[in-house]
Amino acid sequence: MKTLRLILGDQLNIKHSWFKTIDDDVLYCMFEMRQETDYVMHHIQKVIGFFASMRQFCEDLKSKNHQVIYFKINDTDNTQILADNLSKLIERNGIEHFEYLFPDEYRLDEQLSAFCQNLSITSKAISAEHFYTGRKDLGLFFKGKKQYLMENFYRDMRKMHDILMVAGQPEGGKWNYDKSNRNKWKGDVEIPAYKWFKNNVDEVVSDIEKAGIKTIGKFETQTFSYPITRLQALDQLKYFCEHLLVHFGDYQDAMHTEEVYLFHSRLSFAMNLKLISPKDVVQTVLNYYRNHGSHIHISQVEGFIRQIIGWREYMRGMYWAFMPKYKTLNELENHNTLPDFFWTGNTDMNCLKHAITNSLENGYAHHIQRLMITGNYALLTQTNPDEVDAWYLGIYVDAIEWVQLTNTRGMSQYADGGKIATKPYVSSGSYIHKMSNYCDHCHYNKNKKTEDDACPFNSLYWNFLDEKREQLGNNFRMKMMYSLLDKMKASDLEQLKHKAQHIIAHPNEY
């Protein structure tokens, strides 16, 4: 039976069972489409990375004697619409059966489901064979529970997969070493050179320009530095284990004006395209730790593994448990617009300037920059989560909705009312100073609150607490801060609110 199999741009798993056998009756298809480049404005490096990885994957399949039809962005046969491209290939090639891997985005899942319902031939969807968990596993785990605490899910994952466990107990005596993972990097520990890949993407860049795709961000070299093949991803993982893992946990929350990546792995792009699996990553890290445990503390390893089997799997599970409604949640009723400087980095706030500039230049920011700098500011200025979502989904090379949406709308913006985060992740300038050197040479003073040169985060923080008292006043984890707010002089609070509301009304002046 002549079969057509679809491979989406984030399904580049060369180890998938599909590819174990060669079958002349199986035709694979891959498409670069305006449908995907235009539904949000993406970073130029994100589009380059996807197209380059997809083209290389196509060549890898062909080298293994699989039959592949690939539509580049400017091919005349390319309708730019997924369903139309599939229909064309089914008719042209006498296809009798269609198969696809379950997408990880709700939007594509709905599109393919609707497409198959209207087919006159048989169809089938199968697992992409990537994650530890299935789509519905997390929903079943929390069924009947009032809270969806990631820590409970994470501990269950550790037990289920026997990861860092000894006789049913957590190795080292602790489940979580988060308190050991909050050090400020002061330059006293050397950061190894980054692992760069010199993937020439001249043709891809030319095709993107010819297509007229609108993008954000910068790309000023000829080579794409992130892994675009499984072998490169494995090489990146090996480099992380040998050079970065030893201090990863210590400085995973740290930020610095002169360092973009610190001790982070830079593997998220390859993982989210499925070039490398979470099981590959976790097992490799564990193996390295077992062989080099004398100089690597368990806190480094646990902190990294928690991000993979904890947050990553948890966020995907929450996405599928609550979509499509989740994408519309705005429990704090925030409606302001995102400032222009989110697209330029032109602001006198040093922390935002560096976090946004890094994002524009590299398509990258680590989780604390996303959560406690750009996300913190967006929430304190009560920005519409739709706008925040669009920015995060577009600007990062690793951003795919299943992981971006839950992190942004849930953890960062608290728009889900606490399904993911037990309290809003907001702070004044003190936290930013604690975890970075951003405040050292800033135009604004982290210790001032209402003066002309006062750090905007300070007045914004107290204004936010006062404005959102109805939604947050009974939150147990916010009790201490509301107690401090209640003790504040009415005149002082009035000055703080006046300052904050000027910032919110005129964000591009700061």
Side-chain angles (χ1 to χ4, degrees), residues 1-33 35-36 48-105 108-109 111-112 115-116 119 121-131 197 199-201 203-204 207 224 227-235 269-277 279-280 400:
M1 186 164 57
K2 192 73 171 177
T3 298
L4 179 69
R5 287 176 171 172
L6 170 68
I7 303 170
L8 296 172
D10 65 342
Q11 296 178 334
L12 311 184
N13 177 10
I14 200 68
K15 292 294 186 179
H16 194 277
S17 57
W18 263 1
F19 310 125
K20 289 182 178 179
T21 57
I22 309 298
D23 190 337
D24 291 339
D25 286 330
V26 172
L27 177 64
Y28 293 96
C29 62
M30 302 177 69
F31 311 125
E32 299 169 4
M33 296 177 292
Q35 167 189 308
E36 298 305 299
I48 290 170
F50 266 79
F51 284 6
S53 302
M54 291 167 65
R55 293 182 184 188
Q56 184 59 56
F57 192 78
C58 172
E59 293 306 311
D60 291 344
L61 287 180
K62 287 180 176 179
S63 71
K64 297 178 182 295
N65 297 316
H66 293 289
Q67 295 185 81
V68 188
I69 291 181
Y70 191 102
F71 284 177
K72 293 183 178 180
I73 193 68
N74 295 310
D75 286 352
T76 55
D77 276 351
N78 191 349
T79 70
Q80 308 297 335
I81 302 296
L82 179 57
D84 294 345
N85 280 344
L86 291 172
S87 295
K88 178 179 287 191
L89 293 186
I90 287 171
E91 181 179 357
R92 180 184 296 173
N93 295 279
I95 299 298
E96 302 167 277
H97 179 68
F98 171 63
E99 293 182 351
Y100 66 96
L101 306 176
F102 280 115
D104 289 307
E105 285 197 57
L108 289 167
D109 192 61
Q111 188 177 9
L112 283 166
F115 173 74
C116 289
L119 279 178
I121 61 174
T122 57
S123 62
K124 182 181 180 182
I126 67 169
S127 170
E129 300 174 6
H130 175 76
F131 294 94
F197 295 93
N199 296 304
N200 188 288
V201 290
E203 182 182 334
V204 173
D207 286 348
F224 184 74
I228 64 169
T229 68
R230 176 174 172 80
L231 289 178
Q232 287 184 353
L234 290 170
D235 197 14
F269 174 75
M271 288 184 70
N272 290 354
L273 266 62
K274 300 182 180 62
L275 295 170
I276 189 171
S277 75
K279 291 182 181 179
D280 289 331
I400 301 175

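All of these numbers come straight from a predicted model, not from anything done at the bench.
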State whether the side chain of [X] and the backbone N or O of [Y] hold a donor-acceptor pair below 3.5 Å, judged by distance alone.
| X | Y | result |
| --- | --- | --- |
| Q35 | L82 | yes |
| N199 | F224 | yes |
| E36 | M33 | no |

Pairing residues for N13 by the side-chain contact (heavy atoms from CB on, under 4.5 Å) criterion, not counting sequence neighbours
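Applying side-chain contact (heavy atoms from CB on, under 4.5 Å) to N13 gives K15, H16, E129, K274.
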Using the side-chain contact (heavy atoms from CB on, under 4.5 Å) criterion, which residues pair with E59? Sequence neighbours excluded.
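Expected list: Q56, K62.
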Between N272 and D10, do the side chains contain an N or O donor and an N or O acceptor separated by less than 3.5 Å?
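Their side chains do not contain a donor-acceptor pair, so the 3.5 Å distance test is not met.
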Hey, can you pull the donor-acceptor pairs under 3.5 Å for the side chains in residues 20-32, sequence neighbours left out?
residue: D23; atom: OD1; partner: D25; partner atom: N; Å: 2.8
residue: Y28; atom: OH; partner: R5; partner atom: NH1; Å: 2.9
residue: Y28; atom: OH; partner: W18; partner atom: O; Å: 3.1
residue: E32; atom: OE1; partner: R55; partner atom: NH2; Å: 3.0
residue: E32; atom: OE1; partner: I73; partner atom: N; Å: 2.8
residue: E32; atom: OE2; partner: R55; partner atom: NE; Å: 2.7
residue: E32; atom: OE2; partner: R55; partner atom: NH2; Å: 3.4
residue: E32; atom: OE2; partner: Y70; partner atom: OH; Å: 2.6

Residues which pass salt bridge (Lys or Arg N to Asp or Glu O under 4.0 Å) with D60, listed by chain and number, not counting sequence neighbours:
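Salt bridge (Lys or Arg N to Asp or Glu O under 4.0 Å) list for D60, sorted by chain: empty.
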Which side-chain N or O atoms in residues 88-95 pair as donor and acceptor under 3.5 Å with protein atoms at least two apart or in another chain?
residue: K88; atom: NZ; partner: D77; partner atom: O; Å: 2.9
residue: R92; atom: NH1; partner: D77; partner atom: OD2; Å: 3.1
residue: N93; atom: ND2; partner: L89; partner atom: O; Å: 2.9

To the nearest 0.5 Å, what is the distance between [atom1] ([X]) and [atom2] ([Y])?
| X | Y | atom1 | atom2 | value |
| --- | --- | --- | --- | --- |
| L273 | I400 | CG | CD1 | 5.5 Å |
| M271 | I276 | CE | CD1 | 7.5 Å |
| I7 | F57 | CD1 | CZ | 5.0 Å |

Salt bridge (charged side-chain N to carboxylate O under 4.0 Å, His left out) contacts touching residues 63-75 (sequence neighbours left out):
K72-E203
